[in-house]
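Comments concern the structure below.
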Number of protein chains: 2
Amino acid sequence: MLHDPLPCEDRVGRLRSEFPETGAMLIFNEKNIRYLTGFTGGEGALMAGPDWLTLLVDGRYATQARAETRGAEIFECRNRIEGIAAAARRHGVGSVGFESPFLSVEEYLNLKEALPEAALRPLPKDFGFLRAVKDLGEIDRIREAARISAEALASLRGMIRPGIREEEIALELEYRMRRGGAEKVSFETIVAAGANSAFPHATPGRRAIADGDCVMIDYGAVWDGYHSDETCTFFVGRASERQREVYRHVLEAHDRAIRAIRAGVSCGEIDGVARSHLAGEGLASAFAHGTGHGVGLDVHEAPRLAAGREELLRAGMVVTVEPGVYLPGLWGIRIEDTVLVTQEGCEILTRTSKDLTLI
Amino acid sequence: MLHDPLPCEDRVGRLRSEFPETGAMLIFNEKNIRYLTGFTGGEGALMAGPDWLTLLVDGRYATQARAETRGAEIFECRNRIEGIAAAARRHGVGSVGFESPFLSVEEYLNLKEALPEAALRPLPKDFGFLRAVKDLGEIDRIREAARISAEALASLRGMIRPGIREEEIALELEYRMRRGGAEKVSFETIVAAGANSAFPHATPGRRAIADGDCVMIDYGAVWDGYHSDETCTFFVGRASERQREVYRHVLEAHDRAIRAIRAGVSCGEIDGVARSHLAGEGLASAFAHGTGHGVGLDVHEAPRLAAGREELLRAGMVVTVEPGVYLPGLWGIRIEDTVLVTQEGCEILTRTSKDLTLI
C-alpha cells in the first residue's frame with residue numbers, strides 16, 4: 001500500500017493549469033521537484049514546458065534520477081544553469097517563469113548570461129499551495145511517521161525523571177525514532193523543562209529535569225519523505241493548581257479548534273476559535289504564535305492557520321493544531337496534534353494522549 | 001581555553017580591508033555572520049559600513065543576539081529586508097555590496113523595492129576565503145570534534161560484524177558522537193559496504209555486512225560550531241590480495257600528499273601528488289574527485305585541493321586529504337584525514353589509525 005506509484009502526471013497537470021500564462025517553468029525547490037517527479041536527490045532543477053518535462057541533474061545523480069523519476073526526461077549536465085540553457089534552446093523557449101524564493105541572485109545572473117534572449121520572470125505565486133491537499137499515499141506516509149514518533153516517545157517515558165538532562169531526552173527520542181524506522185527526524189527535537197518551556201522554540205540544553213517541572217516535547221519523524229509533528233507537555237511528579245488550570249485552557253482551545261475543522265472553513269477561523277478561547281481566560285498575550293500549519297514533505301508548509309488567513313480548508317489537507325501559553329520566567333504549555341481535514345470534520349493522525357499526564 | 005573570546009573585531013577588519021571599494025556590505029550566509037559576530041541563531045543579516053556594524057534579527061532572536069554578539073549593534077526588525085532598508089537609510093548608505101550566492105531573487109526584488117535609491121551589486125568575490133586560515137580557538141574546536149568522532153568510532157568497532165546493516169552502524173555512530181558531546185553530526189554519515197563502497201557518496205541502506213566486505217565509513221562531529229571529517233575503510237574478516245594492493249596504493253597517495261603539505265605549496269600541487277601516485281598504479285580513472293577541502297564552520301569550505309587550484313596553502317588552514325579508488329560493481333577504498341597546515345608541514349587532527357585494519 002505504501003509503495004503506490006506516485007501520481008506525478010496528475011501533479012504536473014495541476015502545475016500547468018495553475019500557471020497557464022507561463023511559457024516554460026523552472027522549479028528549484030527540492031521538495032517541489034520530488035513532488036512532481038519522485039526524484040529524491042535534492043539537487044538539480046526541473047523544467048516544465050507545455051508538453052515536455054526535463055529534470056536536470058549532474059553526474060552524481062544521473063543513475064538515481066533515472067531509477068526514481070516518473071514522466072520526466074533526465075538531462076545530465078555539469079551544472080544546472082548550463083543544463084537549463086541547453087534545454088531552453090532545444091525546446092525554443094522564449095519566456096521562463098521561475099521559483100524566485102529558491103534561486104540565488106548569483107545563479108540568476110549566470111542564467112541570464114547563459115540565456116540572454118529569454119524573458120525570465122518570477123512565477124506569480126508560490127508553488128506550495130499545490131501540495132496542500134494530500135492524496136492517500138501521502139496521508140499513509142504521514143500516519144506512519146506519526147506512529148513511529150509516538151512509539152518512540154512512549155518507550156522512553158520512564159526515562160523522564162528528575163536528574164536527566166533535556167538534551168539527553170532529545171537525543172534518546174531521536175535515536176529511538178530512527179531505530180523505529182524513521183529515515184530522519186522531522187526537525188530538531190524540542191525538550192524544554194521548567195522555565196525553558198516558556199520559550200516556544202527552546203533548544204534542549206544541559207538543564208536537568210527537576211521534580212515539579214513541566215516538560216514540553218515537540219518532535220516528529222520523517223517516513224519516506226513525509227513529516228509528523230506533535231507536542232506533548234508532561235508534568236514531573238506533580239502539577240500546581242495554576243498549571244492544571246492553564247493546561248485545561250490550552251487543551252480546551254486545542255479541542256475546540258479541532259472540533260471546528262472541516263472542509264470549507266477558513267484557516268483564520270480555526271485560529272480564531274483557539275485564540276478567542278484563550279483570550280476569554282485572560283491568556284491572549286501569552287499565545288503569541290499561529291494555531292497551526294500544513295505538514296507534508298516539509299514540516300512547515302501551506303496552509304497556515306493564523307489570524308486573517310482567508311484560505312479555506314479542503315478535504316485532504318493535513319494541518320497541525322497547536323495552541324500554547326507561555327509565561328516568561330515560569331513555564332509554558334503547548335498541546336499539538338496533526339490532523340487530516342475531511343468533509344465532515346477531521347481525523348487526528350498523531351497518537352499520544354493529550355490528557356494531563358504526570359510522569 | 002575553548003571559551004576564548006572570539007576575535008570578531010579582527011575578522012571584521014579583514015572583511016573591510018578585503019572589500020575596500022564597497023560602501024556598505026550585506027552578509028547573509030549564517031556561518032559568515034557567526035564568524036564575524038559570534039551570533040549562532042542562523043537567521044538574520046549583517047550590515048557592515050566603514051565604521052559601523054549592525055546585526056538585523058527578528059524578535060525570536062533578539063535576546064540570543066544580544067547575549068552572543070560582540071561588536072555589532074543589534075537591530076530588531078519584523079523581517080530582514082525591512083531592517084536592512086531602515087539601517088541603510090539611517091546610515092545614509094548609497095551603495096551596497098551583497099553576498100549574491102546567499103540572497104534569493106525574491107528577497108533581492110523586495111530589497112530593491114525597499115531601497116530604490118541605493119545601488120545594489122554582488123560582492124566581487126566569495127567571502128569564504130576569509131575563513132580559510134584558522135586561529136587557535138578554531139583549531140581547538142576542530143581538534144575536539146575530531147577527538148569525539150574517533151572515540152565514538154572506536155567504541156563501536158566491535159559491532160561491525162556480518163549481519164549488521166549499514167544504516168544501523170551509521171545511526172549508532174551518530175548516536176555515540178552526540179552522547180560523547182557533539183552538538184550534532186558534521187554531515188549524514190556514510191557507511192557503505194561491499195559494492196556500495198564503490199559510490200563515493202553512498203547513503204547507508206538496509207544492506208547487511210557480509211564476511212569479506214570492505215566497509216567505508218565517512219563521518220564527523222560538530223563541536224561548538226566546528227566540524228571534523230574523517231574516512232576509514234575497514235575489512236570484515238579478510239581482505240583479498242587486490243584489496244590489500246589497492247589499499248596500499250591509496251594509503252601511499254594519502255601519505256605522500258600529507259608529506260607534501262606545508263605553507264606556500266599550491267592546493268593543486270597537493271592534489272597532483274596524490275593523483276599522480278594513483279595514476280602511476282593504473283588507477284587514475286578510479287579516483288574521480290578532488291583530493292581535499294577546507295574544514296571549519298562548514299564541513300566543505302575554502303580552499304579546495306583539486307587540479308588546477310593555484311591558491312597557496314597558508315599556516316593555519318585546516319584541510320582534508322582524502323584520495324579514493326572506486327571500482328564499480330566491486331568495492332571502493334577511501335582514506336581521509338583532516339590536517340592543520342603549518343610552516344614546515346602539517347599536523348594530523350583526526351585520530352583513527354589508517355593502517356589496513358581487519359575487523
Side-chain angles (χ1 to χ4, degrees), chain A residues 26 28-29 40-43 58-61 63-64 97-112 120-127 165 167-168 170-185 188-189 198-206 288-289 328, chain B residues 26 28-29 40-43 58-61 63-64 97-112 120-127 165 167-168 170-185 188-189 198-206 288-289 328:
Chain A
L26 270 174
F28 295 112
N29 175 286
T40 66
E43 295 207 25
D58 71 36
R60 292 171 301 163
Y61 293 100
T63 306
Q64 181 182 354
F98 65 95
E99 284 191 303
S100 64
F102 305 107
L103 183 70
S104 73
V105 173
E106 181 180 61
E107 277 198 306
Y108 172 79
L109 294 173
N110 292 339
L111 184 57
K112 258 185 82 151
L120 303 176
R121 55 199 159 65
L123 287 173
K125 55 189 168 183
D126 188 56
F127 179 99
R165 296 195 304 269
E167 62 186 10
E168 290 176 299
L171 173 57
E172 195 62 34
L173 180 52
E174 295 188 353
Y175 176 67
R176 290 180 187 214
M177 287 192 280
R178 287 182 59 190
R179 293 277 299 183
E183 63 195 51
K184 57 183 176 181
V185 299
E188 279 189 41
T189 302
F199 296 101
H201 293 99
T203 303
R206 305 187 64 76
H289 57 71
Chain B
L26 270 174
F28 295 111
N29 176 284
T40 66
E43 294 206 27
D58 71 36
R60 293 170 301 163
Y61 293 100
T63 305
Q64 181 183 352
F98 65 95
E99 283 191 303
S100 65
F102 304 107
L103 184 70
S104 72
V105 173
E106 181 180 62
E107 278 197 307
Y108 172 79
L109 294 173
N110 293 339
L111 184 58
K112 258 186 83 153
L120 305 175
R121 54 199 160 63
L123 287 172
K125 54 189 168 181
D126 188 55
F127 179 100
R165 297 195 303 269
E167 62 186 9
E168 290 176 298
L171 172 58
E172 195 62 34
L173 181 52
E174 295 188 354
Y175 176 68
R176 291 180 186 215
M177 287 193 280
R178 287 183 58 190
R179 294 276 300 183
E183 64 196 48
K184 56 183 178 180
V185 299
E188 279 189 41
T189 302
F199 296 100
H201 293 99
T203 304
R206 304 188 63 77
H289 57 71

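Numbered from 1 within each chain, the chains take letters A, B, ... in sequence-line order.
- Interface remark: A:Phe98 contributes side-chain atoms only to the contact with chain B (heavy atom separation under 4.5 Å).
- Between A:Pro200 and A:His289, the shortest heavy-atom contact is CB-CD2, 4.3 Å.
- B:Glu168 is linked by a salt bridge (charged side-chain N to carboxylate O under 4.0 Å, His left out) to nothing, counting only residues two or more places apart in sequence or in another chain.
- The side-chain heavy atoms of A:Leu26 and A:Leu103, taken from C-beta on, include no pair separated by under 4.5 Å.
- Heavy atoms of A:Pro122 lying under 4.5 Å from chain B belong exclusively to its side chain.
- Contacts of B:Glu174 with chain A are made by side-chain atoms alone, with heavy-atom separations under 4.5 Å and no backbone atom involved.
- Comparing A:Thr63, A:Val105, A:Thr203 by heavy-atom pairs within less than 4.5 Å of chain B, the highest count is held by A:Val105.
- In plain terms, the two heavy atoms of B:Pro101 and B:Asp126 that are nearest each other are CG-OD1, 4.5 Å.
- In terms of heavy-atom pairs under 4.5 Å with chain B, the best-connected choice from A:Glu188, A:Arg179, A:Glu107 is A:Arg179.
- With a 4.5 Å cut-off on non-hydrogen atoms, A:Glu99 does not touch chain B at all.
- Taking CG of A:Leu120 as the reference point, atom OG of A:Ser100 lies at 12.0 Å (rounded to 0.5 Å).
- For B:Lys184, the side chain to side chain contact (heavy atoms under 4.5 Å, CB included) partners two or more places apart in sequence, or in a different chain, are B:Val222.
- For chain B, the option among A:His201, A:Arg60, A:Glu172 with the highest count of heavy-atom pairs below 4.5 Å is A:Glu172.
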